[in-house]
Amino acid sequence: MKKHWLIIVFLISYFFLIVFKLTSHPTPFFDWDETIYAQVGREMIREKSLVPLWQGNFWLDKPPLVPLSYGIVAAIFPKAPELSTRVFTLSLAILVLGLTYILYYRMTKNQILAALTVIITSFTSVFLQRTQVLNVDVFLYLGWLGYIVFYSNFWVSLLFLAIGVLSKSLLGFYPVVIFAGLYTYQLFIKQIKPKQFKELITPLIIQSSVLLIWYVIMLAYFKMPFVKAHFFDSMIKRVTASIESHFGKRTFYIDLLFNQLGALVILSLASIAYILRDLFKKKNLLAITLSLFFVPWFLFLNLTKTKIDWYIYPIIAQFAFLGIYFIDLIKKYKLLIVVIFLITVGTIFKNNILNKSLLNTYYSSYDNSYMLAVHSKNVCSSIDVLVDSGSRQTHDTLKGMGLLIGTSEWWGNHPSIVYYSDKKVNFVYEVGQFKDLLVKPKTNECFVVNENDLSLLSNTRSIKLSKQFKDLYLYK
């Protein structure tokens, strides 16, 4: 600990800085991902289910680890689930940063290089956002990094592989694929013998086979609905189509990487060329693989059609490391390295702390849908929400283009209403269907419309306005 005091002090300071922000300005779960994971986790705990649930329906798109983990944390700390689950996410992010340091220090034996990689990564906007909200990406990346750091330990690496697979399904096998490719290439160029190859590849096969049992169980129980939801909708479609409005230019992820790391991306290209030089000389292929471990993932992302900012989350540390890799090449000039370190840290501190951008950036607020949901909890037995006209038009356009998946209509445009009302919520995308529901409302059944759709209720006598929340109207 004395030797690595710098990174320890930083990680502790970073943790308490984010905790201070979360506690000093609490906010509700933001619409879409956070409320979905919170609600699914709550239902899994309530129903004692190992399969994700959304309003009583099996959510087969995702493995169970992420929502179940959040559900357990929220159940342990029920008074402030927004805080407890986010601090849990932050704790996982600290583990990710710690493993990042271990990985790059182990490769270079350079504390400044490894620490600076962590510091640069931790203050990029994408990493900061994923550190403070409920998400699946931190689980996946933790699984990947843990497997890389402990790949020589069968049981520990199996644990981290399970974290990756049970959080993001087949993508969790990414490190196994990379190591298998490395060993196969070494066998092909006769750097290792068939006996050594068998010894190296066998643990990978056993570990993968253990985790494939989950797929066998799900397939046996749910059959084709699982195949369609889990593989076709959630995986194949994301690669082949820009589903659910996630459009972007062909250079989307390249542009995003420049946005996060700036000139370091250009420096990283020089580092990649320098490292690949040893590849052609067949020198230490393991070290080369570890140095460029996530570059293939970045290349794959650029081939996918679905464009989402946080998919770049596992890439940031990789290119931050490559961007400052030159520090290892000038390690004899210790004073220069110290100057580079101080200038970099000083700039990051100025841009994030002194100008208070970190503390003043929030990802959700107490908006109209939240207020409506909290009010509805005590007055409604169920809620029918007519999705606003803009979202309905987008939905119809995507449907016509075949860019919806099986669960696209589950969430509406405000899934937080489900969590904070804790009632059965029916999101309606067709005006005719909504009008039919108005004909014979059930006891204490509530209806929600946007102000642009108020004319639909002009001739309705069976329900009356209960309360208005700016542009949202609650009828009962």
Side-chain angles (χ1 to χ4, degrees), residues 36-37 40-72 135-148 150-151 153-184 197-240 243 296-297 300 304 306 311 314 405-408 410:
I36 290 172
Y37 286 124
V40 171
R42 179 164 67 180
E43 291 192 39
M44 292 177 73
I45 296 299
R46 284 178 176 176
E47 302 300 325
K48 298 179 176 58
S49 173
L50 291 177
V51 180
L53 296 168
W54 173 261
Q55 298 206 83
N57 298 311
F58 289 118
W59 186 31
L60 302 178
D61 298 39
K62 309 288 185 183
L65 180 61
V66 175
L68 181 60
S69 299
Y70 285 129
I72 292 172
N135 69 93
V136 66
D137 306 284
V138 67
F139 284 82
L140 175 65
Y141 193 32
L142 177 64
W144 285 359
L145 281 173
Y147 192 90
I148 298 167
F150 298 102
Y151 73 92
N153 186 309
F154 179 87
W155 293 107
V156 177
S157 60
L158 175 60
L159 171 63
F160 280 103
L161 185 64
I163 292 174
V165 172
L166 295 179
S167 63
K168 199 70 171 177
S169 193
L170 295 182
L171 293 181
F173 289 106
Y174 176 77
V176 169
V177 172
I178 297 297
F179 277 112
L182 168 64
Y183 300 147
T184 302
F197 175 77
K198 182 180 179 181
E199 292 174 351
L200 291 168
I201 206 73
T202 298
L204 304 184
I205 295 173
I206 294 174
Q207 290 173 329
S208 300
S209 299
V210 170
L211 292 172
L212 286 173
I213 294 174
W214 178 78
Y215 294 92
V216 173
I217 294 173
M218 293 295 289
L219 184 59
Y221 191 85
F222 293 102
K223 300 180 174 61
M224 286 308 297
F226 172 70
V227 174
K228 182 181 183 302
H230 194 82
F231 295 103
F232 183 74
D233 284 357
S234 191
M235 296 182 191
I236 296 175
K237 261 199 169 184
R238 291 180 186 274
V239 175
T240 60
I243 66 168
W297 172 246
F300 172 76
T304 62
T306 299
Y311 280 6
I405 60 176
T407 57
S408 294
W410 284 19

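Just so we're clear, the structure is a prediction, and the values are computed from it rather than from any experiment. Keep in mind that the numbers below use all heavy atoms, side chains included, and drop hydrogens, waters and symmetry copies.
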What residues form a side-chain hydrogen bond (donor to acceptor under 3.5 Å, both in side chains) with Tyr70, not counting sequence neighbours?
-> Thr89

Set of residues satisfying ring pair (Phe, Tyr, Trp, His ring centres under 6.0 Å) with respect to Phe150, sequence neighbours excluded | Phe160

Partners passing side-chain hydrogen bond (donor to acceptor under 3.5 Å, both in side chains) against Lys198 (at least two apart in sequence or in another chain) = none

Report the distance from atom CG of Leu182 to atom CG of Leu204, rounding to the nearest 0.5 Å.
-> 10.0 Å

Review item, side-chain donor-acceptor pairs of residues 139-147, under 3.5 Å, at least two apart:
| unit_1 | atom_1 | unit_2 | atom_2 | d |
| --- | --- | --- | --- | --- |
| Trp144 | NE1 | Leu171 | O | 3.0 |
| Tyr147 | OH | Gln207 | OE1 | 2.6 |

Going through the checks in order, is the side chain to side chain contact (heavy atoms under 4.5 Å, CB included) test met by Val239 and Phe300?
-> CA-CA 9 Å; Val239 175; Phe300 172 76; 4.0 Å; yes

Going by heavy atoms in the side chains, are Phe231 and Leu170 under 4.5 Å from each other?
-> yes

Does the pair Val51 and Met218 meet the rule for a side chain to side chain contact (heavy atoms under 4.5 Å, CB included), with working shown?
-> CA-CA 9 Å; Val51 180; Met218 293 295 289; 4.3 Å; yes

Taken to the nearest 0.5 Å, the spacing of Lys62 NZ from Ile36 CD1 works out to 9.5 Å

Rounded to the nearest 0.5 Å, what's the gap from CG on Leu68 to CG on Leu53? Could you check?
-> 10.5 Å

More than 12 heavy atoms of other groups within 6.0 Å of Leu50 CG | no

Which residues satisfy the side-chain contact (heavy atoms from CB on, under 4.5 Å) test with Asn153, sequence neighbours excluded?
-> Trp155, Val156

Give the minimum heavy-atom separation between Asn135 and Val138, together with the two atoms involved.
-> OD1-N, 2.9 Å

Thr202 (side chain) donor-acceptor with Glu199 (main chain) under 3.5 angstrom | no

With no hydrogens and no angle check, is any side-chain donor or acceptor of Ser208 less than 3.5 Å from a backbone partner on Ile205?
-> no

Which atoms form the tightest heavy-atom contact between Pro67 and Pro63, and what is the distance?
-> CD-O, 4.0 Å

Enter the distance from Lys168:NZ to Asp137:CG here, rounded to the nearest 0.5 Å.
-> 5.5 Å

So side chain to side chain donor-acceptor pair (under 3.5 Å) across residues 209-222, not counting sequence neighbours, yields Ser169-Tyr215

What one should report as the nearest heavy-atom pair of Pro203 and Leu200 is CD-O, 3.3 Å

Quick one: list whatever passes side-chain hydrogen bond (donor to acceptor under 3.5 Å, both in side chains) with Tyr183, sequence neighbours left out.
-> none

Under 4.5 Å between any side-chain heavy atoms of Ile201 and Phe179, yes or no?
-> no

With Asp61 via salt bridge (Lys or Arg N to Asp or Glu O under 4.0 Å) - residues at least two apart | none

Is there a donor-acceptor contact under 3.5 Å from the side chain of Tyr151 to the main chain of Ser157?
-> no

By side-chain hydrogen bond (donor to acceptor under 3.5 Å, both in side chains) - contacts of Tyr311 (at least two apart) = Arg238

Any residue meeting side-chain contact (heavy atoms from CB on, under 4.5 Å) with Thr184, in chain and number order, not counting sequence neighbours | Phe197

Mind checking the OG1-CE spacing from Thr304 to Met235? Nearest 0.5 Å is all I need.
-> 14.0 Å

Would Asp233 and Thr407 satisfy side chain to side chain contact (heavy atoms under 4.5 Å, CB included), going step by step from the backbone distance to the final call?
-> CA-CA 9 Å; Asp233 284 357; Thr407 57; over 6 Å; no

Are any non-hydrogen side-chain atoms of Leu65 and Ile163 less than 4.5 angstrom apart?
-> yes

Audit row: Val40, Glu43, side chain to side chain contact (heavy atoms under 4.5 Å, CB included) steps and yes/no | CA-CA 5 Å; Val40 171; Glu43 291 192 39; 5.9 Å; no

Validation row, ring centre Phe58 to ring centre Phe226 under 6.0 Å = no

Rounding to 0.5 Å, atoms CG (Leu161) and CG (Leu166) come to a distance of 9.0 Å

Can you name the side-chain contact (heavy atoms from CB on, under 4.5 Å) partners of Thr240, sequence neighbours left out?
-> Ile236

If we only count heavy atoms from C-beta on, is the Pro296 to Ile178 side-chain gap below 4.5 Å?
-> yes

Tell me, which pairs form a side chain to side chain donor-acceptor pair (under 3.5 Å) where one or both residues lie in residues 45-55, sequence neighbours left out?
-> Arg46-Asp422

